[in-house]
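Have a look at the structure below before the remarks.
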Amino acid sequence: MKQILVDIGIPANAVVTESESRNTAENAAHSARVLKALGVSSILLVTSAYHVSRATDRFRREGLSVTPVPSSRESRNSGFSLGSLIPSSLALFATTGAIKEYVGRWVGR
């Protein structure tokens, strides 16, 4: 991900990475520690649309000012059509993602 940001013109020294975490809570804690050591207290938090609410809550709990940036297709509302009533693997994927986020929010409390 860092390379993508550098490729689009973000200076490499402006991108902070964290590779110790195994979940959202750990990512927020580790990232906050690194960012605060650098004097950073305000961030753009880029994550999937499904995950943005839970991730934003976690990073704010760590004392960071967060501007959430949903970054995936799920953030777009394609509207209703008769075809949307037909079961599909994409719908199963979306449902699985939503359930994971609801469980994650419940467990995180």
Side-chain angles (χ1 to χ4, degrees):
M1 285 199 249
K2 180 177 182 174
Q3 188 59 51
I4 292 170
L5 293 173
V6 171
D7 289 347
I8 64 169
I10 306 294
N13 64 350
V15 180
V16 178
T17 60
E18 183 281 307
S19 60
E20 298 175 36
S21 63
R22 296 170 293 168
N23 56 48
T24 304
E26 288 181 8
N27 181 240
H30 295 315
S31 296
R33 185 182 72 243
V34 170
L35 292 166
K36 288 176 183 177
L38 294 171
V40 175
S41 62
S42 181
I43 63 168
L44 293 176
L45 180 63
V46 181
T47 189
S48 72
Y50 280 126
H51 188 57
V52 75
S53 177
R54 182 163 57 106
T56 298
D57 288 347
R58 282 294 179 173
F59 278 78
R60 285 181 176 154
R61 285 184 196 179
E62 295 297 330
L64 295 170
S65 174
V66 178
T67 300
V69 182
S71 66
S72 56
R73 179 182 159 155
E74 300 90 39
S75 64
R76 296 183 193 99
N77 182 358
S78 59
F80 174 78
S81 70
L82 289 177
S84 66
L85 297 174
I86 299 170
S88 70
S89 60
L90 183 59
L92 179 59
F93 177 76
T95 301
T96 302
I99 291 170
K100 179 182 178 201
E101 288 307 310
Y102 283 119
V103 170
R105 289 186 72 77
W106 181 73
V107 169
R109 293 183 192 274

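By convention here, the first residue in the shown sequence is residue 1.
- Remark: side-chain polar atoms of Ser41 are not paired, donor with acceptor, to backbone N or O of Leu64 under 3.5 angstrom.
- Glu18 pairs by the side-chain hydrogen bond (donor to acceptor under 3.5 Å, both in side chains) definition with Ser21, Asn27, not counting sequence neighbours.
- Contact check for Val40 versus Val16: no side-chain heavy atoms found under the 4.5 Å cut-off.
- If you take OG on Ser65 and CG on Leu45, they are separated by 11.5 Å, rounding to the nearest 0.5 Å.
- Scanning all heavy atoms of the two residues, the minimum distance from Lys2 to Ala12 falls at CE-O, 3.5 Å.
- Note on Ile99 and Val52: separate hydrophobic clusters, where clusters join Ile, Leu, Val, Met, Phe, Trp and Tyr whose side-chain heavy atoms are under 4.5 Å apart, directly or indirectly.
- For Ser53, the side chain to side chain contact (heavy atoms under 4.5 Å, CB included) partners at least two apart in sequence or on another chain are Asp57, Arg105.
- At most 12 heavy atoms of other shown residues, nucleotides or ligands fall within 6.0 angstrom of atom NZ in Lys100.
- Of all heavy-atom pairs spanning Ala32 and Glu62, the tightest one is CB-CB, 3.5 Å.
- Rounded to the nearest 0.5 Å, atoms CD1 (Ile43) and CZ (Arg60) are 9.5 Å apart.
- Criterion: ILVMFWY side-chain heavy atoms under 4.5 Å apart, direct or through other members. Under it, Leu38 and Val66 are part of a common hydrophobic cluster.
- By the criterion of side-chain heavy atoms lying less than 4.5 angstrom apart, applied directly or through intervening Ile, Leu, Val, Met, Phe, Trp or Tyr residues, Val69 is not grouped with Phe59; the two fall into different hydrophobic clusters.
- Nearest heavy atoms, Thr56 versus Pro68: OG1-CB, 3.4 Å.
- Annotation: the span from Ile8 atom CD1 to Gln3 atom CD amounts to 11.0 Å, rounded to 0.5 Å.
- A pairwise comparison of heavy atoms in Ala55 and Thr24 identifies CA-CG2, 3.9 Å as the closest pair.
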